Amino acid sequence: MTQQILLNSSATGTVDIHAYRKEGGYQALEKVLRQNKPLEVIEEIKRSGLRGRGGAGFPTGRKWEMVATHRESERYLVCNAGEHEPGTYKDRHLLRHNPHQLLEGIAIGAFTIGAKESFIFMNGAFSEEIDLVQRAMDDARRHGFLGSNVLGAGFTCDVRIFIGPDTYVAGEETALLEAMQGREAKPKHKPPFYPTVHGLYGKPTVVNNVETLANIPHILFHGSEWFRSFGTRTCPGMMLFSISGDVNRPGVYELPLGIPLRKLIDDYGGGIKEGRALKAVYPGGPSQAFLMPKDLDVPMDFDSLKAVGSGLGSAGVIVLDDTRCMVEQTMKFCNFFKDESCGQCPPCKMGTRYLHQILEKIEAGCGKPEDLQTLQQLSGFVKGRGDCTVITAAAVAVECSLRHFPDEFESHIKEHRCTMKVVS
C-alpha cells in the first residue's frame, strides 16, 4: 500500500479543523513561527527538492528565495487554484477534501517570504470548493491560524479568495495576475514580467498551485530527508496523478514521482477498458506530446518525460485505446485550444483556428493530400511564438499525431471518411 501524504485517509472527506489538527495539522506553522527563521525554512524547502506540481516543475525553494530576498519590501503570495487543464482534477480534489493543509502551506509561505497579503485564485466554476475553502478559512481564523497576530507571534496573515474566469489561459501565472488586477486574463511577455520580480501590483510575487503549497506543512513537519525518501533523486516526493480516458478505474492517485507509466495504468487505472489495446497516452494533458505503447516503461517524473520529448505538467494522464481515431482526437484538442486562445497573439489567434479548420476538413472526408503538408508547415511556423503555451500545445498535438499516425490521416483523405467508424 503506497503511503498517502496529501490524501491521508483519516483526513480525507472533511473540512473539520479538529480532524486536521488531530493529524498534526498546523504544527508545522507553530514550529515556523516559534523559531522565527524564514531563511532556514527556505533552505529546508530547497533541501527537500520540492518542485512545482504543475508546468515545468520549477524548484519551489528557489522561487521563494527570489521573492524573500528581493529588495522590494511589499510582496505577495498567490495560490493558483484555477486548474483548467483537461484531464487534471487533483487540485480540485485537495480543495474539496482537505483545504486546511493548503491554508497552512499558504500561512507558512506568507511568513517565509514576508508577504503583505495572500490570495487563492479559484476557478469560478468551482462553486462547491469555493464554499468549502471559505468555511475552512473562517475556522482557521477563529482558531488563530489566520488573520492578525497569528498564534500570538505578531504575524498577520491575510488570505482572500479571488474568483477568476473559467478559461484555460487564466491558469498561466501572468494572465492570472492580470485578471486579479481587473484586466483581461492575457499573458505578459517574459521577461520582464516574471512574477518573482514584477508580479501582483508590480511587486515580487510567489505563484504556486494547490498541490505545491499543500506539500509545505508535511515537509516542515517531517523534514526534508523524509520527503526525499519518496520519488527520485531529481524529482523527490509524491504526486497526485489524475487518470482518465479509456481505463477501468479513473481517479486521482497519490504515488511517488518516477512510477512507471505502465504501473500507473495497469495497477492503479485498472488497465484498458474491455481488455482493448493501448493506442496513446497523454502523460500531462493535451498540452504535452502523447506517448506510444513502446514508452510505457518511462518513469513519470519531470526529467524523464522531458527526455522522451513530452512533459508531466500537472500529471493529467489521458489514456486512449485502439478504437480512438487520432484525427478526431487531435481535432477536438485543437478545437479546445482555439476556443481557449485569448486572441492576444496573432500566431495563436490565427494558428489555432487554421489548424482546427484543416483537421475538421480532413475528419469530414474533404481533405486533400496537400493539407498534410500545410498542417506540418503551419505547426512548425507557429510553435513557440505565443506569449504562453496555447499555440505551442496545439502545434505539438498536430505534429505528434502526424508523426505517429500518418496512415490515419492519409486514409481519411483517400477514403473521404474515417475508416475507424462503423458505417451502418
Side-chain angles (χ1 to χ4, degrees), residues 84-88 168-169 244-247 261 272 276-295 305 308-311 313-314 316-341 347-386 388-421:
H84 306 89
E85 181 82 25
T88 306
Y168 178 71
V169 75
S244 63
D246 300 322
V247 291
L261 179 56
I272 309 300
R276 299 203 65 91
L278 175 70
K279 187 166 192 174
V281 185
Y282 293 85
S287 60
Q288 308 292 338
F290 62 74
L291 302 178
M292 300 291 286
K294 66 179 178 61
D295 303 311
L305 286 168
V308 296
S310 187
S314 295
V317 182
I318 303 174
V319 181
L320 305 180
D321 69 21
D322 58 356
T323 66
R324 298 280 188 157
C325 168
M326 292 308 294
V327 178
E328 180 183 39
Q329 192 67 49
T330 307
M331 179 191 71
K332 287 179 177 179
F333 283 147
C334 280
N335 185 54
F336 169 80
F337 292 124
K338 171 182 69 71
D339 289 344
E340 294 299 322
S341 172
C348 184
K349 180 180 180 179
M350 295 184 290
T352 53
R353 184 191 311 157
Y354 292 153
L355 287 172
H356 176 257
Q357 283 179 352
I358 298 171
L359 289 166
E360 191 174 42
K361 175 184 172 185
I362 294 172
E363 173 63 15
C366 302
K368 298 179 179 179
E370 53 265 33
D371 289 331
L372 301 183
Q373 184 177 4
T374 301
L375 281 175
Q376 196 73 56
Q377 291 176 337
L378 180 57
S379 297
F381 176 73
V382 298
K383 189 167 60 176
R385 292 183 178 271
C388 71
T389 60
V390 170
I391 183 55
T392 296
V396 167
V398 172
E399 288 181 334
C400 201
S401 289
L402 287 172
R403 180 167 63 253
H404 291 293
F405 298 100
D407 54 324
E408 290 192 21
F409 286 84
E410 292 165 2
S411 176
H412 275 70
I413 293 171
K414 182 179 179 181
E415 302 295 332
H416 301 290
R417 63 184 179 88
C418 176
T419 55
M420 298 193 67
K421 297 176 182 176

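The structure presented is a predicted model; accordingly, all values stated were derived computationally and were not measured.
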Just to verify, what does F333 make a ring pair (Phe, Tyr, Trp, His ring centres under 6.0 Å) with, not counting sequence neighbours?
Y282
Evaluate the side chain to side chain contact (heavy atoms under 4.5 Å, CB included) criterion for residues L305 and Q288: first the C-alpha distance (whole Å), next the side-chain angles of each, then the deciding distance (0.1 Å), finally the verdict.
CA-CA 10 Å; L305 286 168; Q288 308 292 338; over 6 Å; no
For T88, give me all partners under side chain to side chain donor-acceptor pair (under 3.5 Å), at least two apart in sequence or on another chain.
none
Salt bridge (Lys or Arg N to Asp or Glu O under 4.0 Å) against K414, all qualifying residues, sequence neighbours excluded
none
Taking only residues two or more places apart in sequence or in another chain, which ones pass side-chain contact (heavy atoms from CB on, under 4.5 Å) with S379?
L355, A395, V398, E399
Non-neighbouring partners of R324 that pass salt bridge (Lys or Arg N to Asp or Glu O under 4.0 Å), sequence neighbours left out:
D246
List for me each residue that meets side chain to side chain donor-acceptor pair (under 3.5 Å) alongside T323, sequence neighbours excluded, and say none if there are none.
D321
Salt bridge (Lys or Arg N to Asp or Glu O under 4.0 Å) against K349, all qualifying residues, sequence neighbours excluded
none
What residues, two or more places apart in sequence or in another chain, satisfy side-chain contact (heavy atoms from CB on, under 4.5 Å) together with E363?
C325, V327, E328, M331, H412, C418, K421
Using the salt bridge (Lys or Arg N to Asp or Glu O under 4.0 Å) criterion, which residues pair with D322? Sequence neighbours excluded.
R276
K332: partners by side chain to side chain donor-acceptor pair (under 3.5 Å), with sequence neighbours left out:
none
Quick one: do the S411 and T419 side chains pair a donor with an acceptor below 3.5 Å?
yes
Sorted by chain and number, sequence neighbours left out, ring pair (Phe, Tyr, Trp, His ring centres under 6.0 Å) with Y354 holds for none
Among all residues two or more places apart in sequence or in another chain, which pass the side-chain contact (heavy atoms from CB on, under 4.5 Å) test with M292?
F290, K294, D295, H404, F405
